[in-house]
Amino acid sequence: MATSTPPPDPAEQDARPYAVVVVRTDLTRRVTAVEQTVDPEDEDHLARAFHYSIPPALLGRLRPGHLVWVPFGPRTLQGVVVDLDERSPVEETRDVERLADPAPVLRPEHLELARWISDHYLAPIHRVIEAMLPPGVTQDVDTVVEAAAGARSEGLTEGQVALLEILRRQGPLTYRQMARLSPVKSWRAMLKAMIDRGVVTRTSVARPPSVRPKLVPAVRLREDLAAEEWPSERAISQRKALEYFTAREDREWIALQEAARDAGVGAYALHSLVEKGLLEMTRRQVWRDPLADQTFVPAIAPRLTPEQEVAWQAIRADLEGPERHTFLLQGVTGSGKTEIYLRAVKHALAQGRTAIVLVPEIALTPQTIRRFGARFPSTLAVMHSRLSDGERYDQWCQMRAGDLRVVVGSRSAIFSPLENLGLIVLDEEHEWSYKQDQTPRYHAREVALFLAERTGATCVLGSATPSLESAYRADRGEFVRLAMPRRVMGHRRAVEEQAARIQVTQRQYRAAGDAAREALYAELPPVEVVDMRVELRQGNTGILSQTLQEALQRTLALRQQAILFLNRRGTNTFVMCRDCGYVVPCPRCDVPYTYHASVKRLICHHCAGEIEPPTVCPECGSSRIKYFGAGTERVEQVVRQRYPAARVVRWDLDTTGGKQSHEEILDRFIHGEADVMIGTQMIAKGLDLPKVTLVGVVSADTEINLPDFRAGERTFQLLTQVAGRAGRSVLGGRVVVQTYAPAHPAIQAASRHDYRAFYEQEIAFRRTHWYPPLSRLARLTYVHPSEEQVREETGNLHRILKERIARLGLPETDLIGPAPAFFGRLRGRHRWHLLVRGADPTVLLRDLRLPLGWRVDVDPQSLL
Ligand code: ADP
Ligand code: ZN
Ligand code: ZN
């Protein structure tokens with residue numbers, strides 16, 4: 001048997017002389033027409049990394065992941081070392097200037113991840129790296145221009161002379177200042193010419209970092225303090241302070257304010273001691289802590305229900321065993337998924353590993369954070385959009401240093417610099433917000449899967465309504481499915497007490513497993529589907545059906561609460577027969593046509609096919625064709641009119657401009673200061689509201705009729721989520737769903753809480769039309785103020801792609817469109833898109849250079 005020698009420490013040994021650096025700058029070439037091929041010798045637009053030589057001072061110290069300053073053209077920029085190399089492909093290399101941060105900003109697995117994201121989502125790697133780091137880590141650079149010493153104005157144009165005058169008068173100027181001061185628009189070109197002639201010099205200056213460490217004064221006792229140096233008897237507080245300091249066990253620095261408080265003296269006393277030279281003072285960094293004003297009440301994990309136990313044992317075995325799996329934890333809202341996440345995190349921590357828990361931004365409420373904080377008070381980091389840049393930066397630093405080892409955060413928290421990752425959880429894995437909507441357009445789920453594989457972490461995807469993508473992978477055995485079909489009501493004793501108190505006779509719950517278990521299961525609320533066509537025939541033209549009115553009446557009479565839900569997206573855009581509910585679909589794409597009022601035509605937003613809007617229903621011959629869309633405001637009006645005594649709040653994007661009002665509205669409802677809450681999809685997320693016994697879906701149809709093949713999936717998810725808001729206590733609950741399409745499979749399945757039925761239908765539809773997850777898509781969107789230009793450009797690209805498909809021999813790849821996007825005109829600019837469909841659509845696009853104005857979205861979540 002061979003004796004193994006310990007592997008050399010790469011940090012010690014690696015003295016390769018070249019660093020491969022990804023520089024922080026956009027090198028987008030201004031291409032005016034689509035180029036057909038790219039010379040493979042040409043630089044790869046995805047991996048713009050440059051070789052630099054490592055100066056002796058850094059040789060052997062510089063490591064991949066380090067942030068450095070490097071010369072780049074006339075400027076000095078920051079860049080990240082992605083690799084070290086024995087030799088350089090170019091003869092002359094410039095030196096790395098210096099480290100920007102002594103510790104690497106990216107771990108080796110994150111460098112791999114950056115490459116993968118760049119390749120998979122066709123995004124420039126420097127943009128990927130940028131997205132992985134919190135604000136404040138990297139520093140921007142300004143280009144500064146200045147009149148050259150002894151510059152003369154001979155041979156310059158009038159405009160150039162004027163510019164030179166400005167530079168002479170105002171001193172060195174940044175490009176931004178130049179843009180403000182210059183009297184002419186073409187100053188850039190003029191400057192360029194003057195730089196080339198040596199009349200103007202160009203340098204670069206680093207902008208101050210956007211985030212600075214927070215420093216506070218700190219004090220400690222002078223080392224060699226002699227007793228006779230103590231202050232006089234009269235300075236009582238100073239003596240008291242010194243007694244405090246001499247009694248301290250260590251001589252560590254302590255924050256001034258903290259010391260004053262502990263010693264029971266004013267800060268001035270300590271300042272006096274510093275002046276007398278008895279105390280030393282310095283400035284020390286303190287962490288900005290987003291959880292500082294929260295006190296966590298330590299919580300003990302409840303005993304698991306039998307369903308939870310099964311799921312937990314599978315995940316535990318994975319955390320301990322040699323092989324890693326991805327789990328799809330499919331559990332209805334309230335089935336206790338979060339409880340499982342908490343166990344898994346605890347287990348990973350006990351193994352000396354770390355954990356990332358991703359939650360959709362909107363579900364990242366104080367309630368969620370409190371729950372994690374209660375279990376992991378000293379090692380929890382949070383990452384979400386409401387943190388200040390300073391807080392984000394400090395949380396990141398503490399994770400990198402290994403002081404915080406669990407992070408709960410939204411999408412970008414997947415890039416947290418945690419060492420020895422043991423677990424990644426994605427709660428509500430079907431959520432669309434996991435897809436970033438700007439470059440790099442990554443999906444946090446896919447990133448999580450890659451990262452889990454590289455780090456050997458266990459991955460848990462949780463949802464009540466898994467995405468078709470994930471369910472399909474579970475069906476094919478790629479993921480391990482764990483089911484928790486029943487809802488936990490809570491602790492037996494608490495539930496029974498509550499039931500007795502409010503005299504509930506009907507049992508809405510039953511014991512979870514054997515009698516010794518402490519948890520009780522709750523029934524899922526019954527869902528009634530109301531056919532709005534029937535209402536209409538009976539003469540009810542209002543937006544509330546008879547059933548919903550009665551239910552509302554009863555709820556208010558019982559002093560319970562109701563939620564009315566209306567998704568207002570797609571307002572007034574689709575055309576439907578009021579008698580039979582028929583919506584005209586495009587025969588080629590099987591998505592509804594969208595009505596364009598400007599041209600009075602129905603247009604398909606996938607393939608651009610268009611028709612005259614029908615005046616009679618093609619299905620039943622009725623002439624009652626309606627253009628649909630009523631907003632939450634209208635619902636509010638109606639409810640106020642009909643129930644003047646009811647206290648109504650509305651919760652949607654219009655009413656929740658500031659982050660404060662968002663929580664205020666919710667608080668009023670939670671504390672029983674309102675009876676009815678009306679809102680958009682926002683109210684479907686993550687709220688636990690025990691007093692809500694009625695959920696009314698005013699219209700289930702707005703999503704169904706959007707021109708996107710995921711419309712059915714989205715409808716099912718939304719209805720299921722909304723229904724999950726009702727009946728979360730002993731009071732039970734009911735759900736009323738209003739629709740013109742009561743037979744729609746998504747609505748039917750949601751009303752029976754039947755995910756499987758929905759899935760089977762939907763996957764068959766996707767198979768027939770070769771939509772994801774059976775295929776993959778890449779969406780190319782072009783935006784321009786001129787419609788003519790948009791048509792020409794998209795047509796152009798279509799031709800080029802078609803030709804490429806033929807030339808590369810990709811029979812399994814096709815193109816859909818070009819067509820106007822659903823939001824066909826945004827901010828005065830026309831928006832068209834083109835879809836590439838195939839087993840891997842990126843093959844077609846990888847080495848294609850697109851002109852400005854194009855946007856590539858690989859695996860798009862929305863086609864609107
Ligand atoms: P989910 O994440 O699936 O929505 P949660 O983990 O939030 O479900 O659980 C729903 C409610 O039931 C929470 O109030 C939780 O504290 C409680 N709960 C979960 N598991 C148990 C259990 N085993 N015993 C008692 N209460 C539980
Ligand atoms: Zn009809
Ligand atoms: Zn079509």
Side-chain angles (χ1 to χ4, degrees), residues 296-313 315-316 327-346 357-360 362-376 408 425-431 460-466 481-499 508-525 670 683-692 695 717 720-733 753 755:
F296 296 119
V297 186
I300 299 160
R303 191 151 166 224
L304 297 181
T305 65
E307 276 179 3
Q308 285 174 317
E309 193 65 45
V310 172
W312 165 235
Q313 287 311 334
I315 294 168
R316 199 183 66 140
F327 293 96
L328 181 59
L329 180 58
Q330 188 173 345
V332 299
T333 334
S335 60
K337 295 186 292 298
T338 309
E339 206 45 60
I340 305 275
Y341 308 152
L342 290 163
R343 293 244 169 176
V345 170
K346 186 166 176 225
V357 180
L358 296 189
V359 177
I362 193 145
L364 213 54
T365 57
Q367 283 146 287
T368 309
I369 292 168
R370 218 172 292 131
R371 226 168 139 189
F372 279 86
R375 299 280 177 91
F376 317 107
V408 176
V425 172
L426 241 96
D427 190 29
E428 313 277 3
E429 69 86 34
H430 63 277
E431 265 294 318
V460 180
L461 312 176
S463 175
T465 53
R481 185 184 264 116
L482 301 170
M484 300 206 297
R486 284 187 287 180
R487 192 187 261 191
V488 180
M489 181 174 281
H491 214 272
R492 169 185 295 276
R493 209 172 334 107
V495 172
E496 278 167 357
E497 272 171 22
Q498 193 188 14
Q508 308 274 2
Y509 51 87
R510 66 192 126 124
D514 58 89
R517 302 272 176 177
E518 294 141 345
L520 294 174
Y521 286 138
E523 303 291 343
L524 289 171
I670 289 171
I683 61 176
K685 304 287 149 58
L687 295 175
D688 195 351
L689 303 165
K691 282 188 213 137
V692 173
V695 168
Q717 285 164 351
T720 307
Q721 299 279 342
V722 179
R725 299 295 123 229
R728 301 203 61 159
S729 73
V730 289
L731 296 171
H753 305 285
Y755 180 84

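In each ligand, atom 1 is the first atom listed, and ligand 1 is the first ligand listed.
The distance from ligand 1 to the heavy atoms of Thr305 drops below 4.0 Å at these ligand atoms: 23 (N). Remark: ligand 1 atoms within the under-4.0 Å shell around heavy atoms of Leu304 are 23 (N).
Residue contact check for ligand 1: Val332 places a non-hydrogen atom closer than 4.0 Å to it. Put simply, no part of Gly331 is less than 4.0 Å from ligand 1, judged by heavy atoms.
Residues satisfying the side chain to side chain donor-acceptor pair (under 3.5 Å) test with Gln308, not counting sequence neighbours, are Thr305. In this view, Arg370 satisfies the side chain to side chain donor-acceptor pair (under 3.5 Å) rule with no residue, not counting sequence neighbours.
Without hydrogens or angle criteria, Tyr755 side chain to Pro466 main chain gives a donor-acceptor distance under 3.5 Å.
Checked for salt-bridge contact, Lys337 and Glu428 miss the test: no charged N lies under 4.0 Å from a carboxylate O. A salt bridge links Arg371 with Glu339; the closest basic N to acidic carboxylate O contact falls under 4.0 Å.
Taking CG from Leu329 and CG from Leu426, the interatomic distance works out to 12.0 Å, rounded to the nearest 0.5 Å.
By the criterion of a heavy-atom distance under 4.0 Å, neither the backbone nor the side chain of Asp427 is placed next to ligand 1.
Comparing Glu307, Arg303, Glu339 by heavy-atom distance to atom 22 (C) of ligand 1, the nearest is Arg303. When the options Glu428, Arg371, Met484 are ranked by their closest heavy atom to atom 15 (C) of ligand 1, first place goes to Arg371.
Polar contact check, Pro302 against ligand 1: no nitrogen or oxygen pair lies under 3.5 Å apart.
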